[in-house]
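In what follows, every heavy atom counts, from backbone to side chain, and hydrogens, waters and symmetry copies are set aside. In listed order, ligands and their atoms are each counted from 1. Counting begins at 1 with the first residue of the sequence. Predicted model, so just to flag it, every value in this text is computed and none were measured.
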Amino acid sequence: MVFVSIKNAMEQGSGEVSLHGWVYRERGSSAVRFIVLRDSSQTIQCVVKKAAVSQAVWDQAQQTPIETSVEVHGVIHLDARAPTGFEVEVSDINVIGYADTFPITKDQSPEFLLDKRHLWLRSQKLSAVMKIRSTVFGAIDEYFRSHGFYEIQSPVFTPNACEGGATLFEVKYFEDKVYLTQSWQLYAEAMIASLEQIYCISPCFRSERSKTSRHLAEFWMAEMEVAWADLSNVTMHAQELVAYIVKMVLETNNHELDVLKRDKEVLRRIKTPFFTMTYTQVLDHLKNKGHIVEWGKDLRTIEEDELMKDFDKPVIVTHYPKEIMAFYKPADPEDPRTALCFDMLAPEGYGEIIGGSQRETDINKLVDGLKNQGENVENYEWYLDTRRFGNVPHAGFGMGVERVIAWVCGLDNIKDAIPFPRTMLRKSP
Ligand code: 4AD
Ligand code: MG
């Protein structure tokens with residue numbers, strides 16, 4: 001018996017097919033039973049007519065509550081009344097895994113659905129998101145590999161903070177302690193001296209005490225680092241990468257975007273070049289709209305959202321105040337109050353999707369920066385070696401993959417962009 005996917009069966013359009021999947025919907029009478037079958041590709045209506053099958057087959061067909069796994073054999077044909085345009089007239093059905101009463105019914109609370117995440121992942125919505133997530137990860141690989149980048153892997157256990165000590169997760173490490181990585185960046189800066197252009201897609205961990213729709217405690221970051229590069233080199237890649245991801249999702253996931261009711265016109269506009277402005281220009285822009293931000297203060301979510309109301313594509317904001325930036329972001333020689341760094345903000349209220357910068361090459365400034373952030377410089381000796389042995393100008397960025405997925409899918413909450421979300425208030429299932 002050769003099983004085909006529902007999608008392939010519908011492409012075949014007629015004749016005998018063998019399918020396997022899960023019962024998505026079921027109803028019936030004493031003479032006929034309708035089972036909507038679901039697999040990873042599609043759903044299809046299957047009809048079992050008592051008069052047309054043996055008693056044994058008819059009995060099996062009664063044992064199929066929602067989420068039972070079954071094998072179905074029959075003849076497929078077009079049927080305009082069926083939910084997906086085709087129907088299978090069943091000649092045989094085998095129950096593979098019987099399902100207890102499925103706990104997820106209509107109109108459950110978001111918290112209940114998170115408790116039952118392992119089952120809710122079977123929903124049409126989350127299946128669509130996870131397929132788009134797969135496209136996004138693939139597109140990141142394709143983009144970087146086609147531009148001559150090597151993929152590398154970075155440790156998850158690390159003795160160092162990259163983005164400040166406040167959000168580190170501490171882990172017992174034999175008789176010692178280490179942290180879960182916040183970013184691969186420091187290791188990337190070591191590896192460019194051998195590979196020059198590298199990228200890495202890795203989980204990152206931050207114990208941010210924020211319960212927003214944009215923060216996860218465990219999220220995936222796609223990071224890149226380039227030797228012999230400056231800020232403009234990496235903002236160029238950031239734009240091209242994001243545009244490529246959106247293009248690939250539009251090409252690959254038309255059906256999934258429909259399932260999610262995502263406005264595709266909005267996504268079709270995401271073409272390079274994106275608009276670039278400095279932090280200072282953003283403050284002027286906000287001031288004209290009646291929002292005063294004191295120069296030197298970081299942009300808060302409300303200010304980012306206010307700015308992005310005026311743009312239908314991502315915006316690159318450069319030159320944030322040096323004072324509030326991580327230790328590795330260098331001052332701009334043209335205006336030392338500002339740093340050679342950027343954030344990319346997504347439209348439609350999805351906030352910061354990328355953060356990046358040129359990297360400080362002056363070892364003394366790095367040491368001062370670390371001290372100012374209260375770090376133990378000794379732990380960074382290995383990193384400082386990158387500046388002692390053939391230092392070169394370099395730059396890189398990190399993209400929050402779930403932030404991008406949430407935006408591309410038009411999700412209300414970043415939690416739905418990852419299969420099993422980890423947040424301040426949720427660590428299971
Ligand atoms: O802006 P961040 O903190 O930059 C860095 O970590 C740099 N070391 C990256 C680099 O230059 N290699 O984080 C990068 C991106 C953010 O723009 C955001 O999209 C995402 O990571 N991010 C989060 N996503 C989900 N939940 C969180 N708690 C996140 N924190 C950051
Ligand atoms: Mg950032």
Side-chain angles (χ1 to χ4, degrees), residues 136 140 144 149 152 154 158 160-169 179-192 197-226 229 231 233-235 237-238 241-242 245 279 298-301 304 314-318 320-321 324-330 339-346 350-360 373 383 394-408 411 413-418 421-426:
V136 170
I140 296 166
F144 283 120
F149 284 70
I152 70 112
S154 177
T158 153
N160 307 103
C162 180
E163 298 301 320
T167 65
L168 286 171
F169 276 108
Y179 307 105
L180 298 180
T181 186
Q182 296 172 312
S183 161
W184 80 322
Q185 183 193 318
L186 306 185
Y187 296 96
E189 290 185 61
M191 289 197 71
I192 48 158
Q197 297 205 99
I198 53 180
Y199 78 100
C200 170
I201 314 178
S202 155
C204 290
F205 305 87
R206 295 191 191 181
S207 64
E208 276 165 311
R209 300 202 161 266
S210 29
K211 296 169 206 156
T212 74
S213 59
R214 296 177 187 175
H215 286 90
L216 292 165
E218 174 180 323
F219 62 99
W220 287 70
M221 213 197 290
E223 299 191 79
M224 61 85 88
E225 195 74 26
V226 197
L231 184 62
N233 297 124
V234 291
T235 55
H237 277 301
L241 171 64
V242 168
I245 290 170
Y279 164 87
D298 208 354
L299 297 178
R300 295 173 303 169
T301 302
E304 289 177 353
V315 170
I316 292 175
V317 180
T318 65
Y320 284 79
I324 54 168
M325 290 289 110
F327 71 93
Y328 56 77
K329 297 184 186 177
L340 293 169
C341 65
F342 78 101
D343 277 359
M344 186 188 286
L345 307 180
Y350 284 91
E352 178 193 332
I353 51 175
I354 296 183
S357 76
Q358 208 165 300
R359 313 307 189 190
E360 180 62 76
Q373 282 187 16
Y383 172 70
H394 61 287
F397 65 73
M399 180 179 79
V401 185
E402 285 78 17
R403 296 247 179 115
V404 171
I405 294 166
W407 163 53
V408 171
L411 303 177
N413 196 301
I414 194 169
K415 282 187 272 200
D416 281 343
I418 188 164
R422 300 288 179 252
T423 65
M424 193 178 154
L425 301 176
R426 179 161 293 278

Is the shortest distance from a heavy atom of [X] to ligand 1 less than 4.0 Å?
X	result
E402	no
R359	yes
R214	yes

Is [X] touching ligand 1 with its side chain, its backbone, both, or neither, if touching means heavy atoms under 4.0 Å apart?
X	value
I354	backbone
Y328	side chain
F397	backbone
E163	side chain

So which protein heavy atom does [atom] come closest to, and at what separation?
atom	value
atom 19 (O) of ligand 1	I353 O, 3.0 Å
atom 17 (O) of ligand 1	E352 OE2, 2.6 Å
atom 23 (C) of ligand 1	F219 CE1, 3.5 Å
atom 14 (C) of ligand 1	G398 O, 3.4 Å
atom 18 (C) of ligand 1	R403 NH1, 3.5 Å
atom 26 (N) of ligand 1	L216 N, 3.0 Å
atom 6 (O) of ligand 1	R206 NH2, 2.8 Å
atom 20 (C) of ligand 1	G400 CA, 3.5 Å

For a 4.5 angstrom cut-off between non-hydrogen side-chain atoms, does [X] reach [Y]?
X	Y	answer
V226	I192	no
T212	T301	no
M221	S183	yes
R359	E189	yes
H215	I414	no

Taking distance alone, with N or O pairs closer than 3.5 Å, would you say [X] contacts ligand 1?
X	value
Q182	no
E208	yes
S183	yes

Show, in sequence, the C-alpha distance, side-chain angles and deciding distance for R426 and E218, and conclude whether the salt bridge (Lys or Arg N to Asp or Glu O under 4.0 Å) test is met. CA-CA 11 Å; R426 179 161 293 278; E218 174 180 323; over 6 Å; no
Residue and atom names of protein N/O/S atoms that fall under 2.8 Å from the Mg ion (ligand 2):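 Checking every protein N, O and S atom gives E352 OE2.
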To the nearest 0.5 Å, tell me how far I140 CD1 sits from M224 CE.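 One gets 12.5 Å once the value is rounded to the nearest 0.5 Å.
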Atom pair OH (Y179) and CG (N160), whose distance is rounded to the nearest 0.5 Å: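 It comes to 9.5 Å.
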Taking ring pair (Phe, Tyr, Trp, His ring centres under 6.0 Å) as the test, write out the residues that go with F397, two or more places apart.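 In terms of ring pair (Phe, Tyr, Trp, His ring centres under 6.0 Å), with neighbours along the sequence ignored, F397 is linked to no residue.
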Run the ring pair (Phe, Tyr, Trp, His ring centres under 6.0 Å) test against F149 and tell me which residues pass, sequence neighbours left out.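 By the ring pair (Phe, Tyr, Trp, His ring centres under 6.0 Å) rule, F149 matches F144, H237.
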Side-chain H-bond candidate by donor/acceptor type, Y328 with Q358, under 3.5 Å: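 On atom types as modelled, these side chains do not qualify, holding no pair under 3.5 Å.
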Let me see the working for R209 and S207 under side chain to side chain donor-acceptor pair (under 3.5 Å), right down to the final yes or no. CA-CA 6 Å; R209 300 202 161 266; S207 64; over 6 Å; no
Which ligand 1 atoms does G355 reach within 4.0 Å, using its non-hydrogen atoms?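 Taking each heavy atom of G355 in turn, ligand 1 has 1 (O), 9 (C), 10 (C), 11 (O), 17 (O) under 4.0 Å.
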Going through the checks in order, is the salt bridge (Lys or Arg N to Asp or Glu O under 4.0 Å) test met by R214 and E352? CA-CA 9 Å; R214 296 177 187 175; E352 178 193 332; over 6 Å; no
Given C204, S154, S202, the one that forms side chain to side chain contact (heavy atoms under 4.5 Å, CB included) with W184: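 With W184 as partner, side chain to side chain contact (heavy atoms under 4.5 Å, CB included) holds for just one option, S154.
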D416: what forms a salt bridge (charged side-chain N to carboxylate O under 4.0 Å, His left out) with it, not counting sequence neighbours?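 Applying salt bridge (charged side-chain N to carboxylate O under 4.0 Å, His left out) to D416 gives R117, K125.
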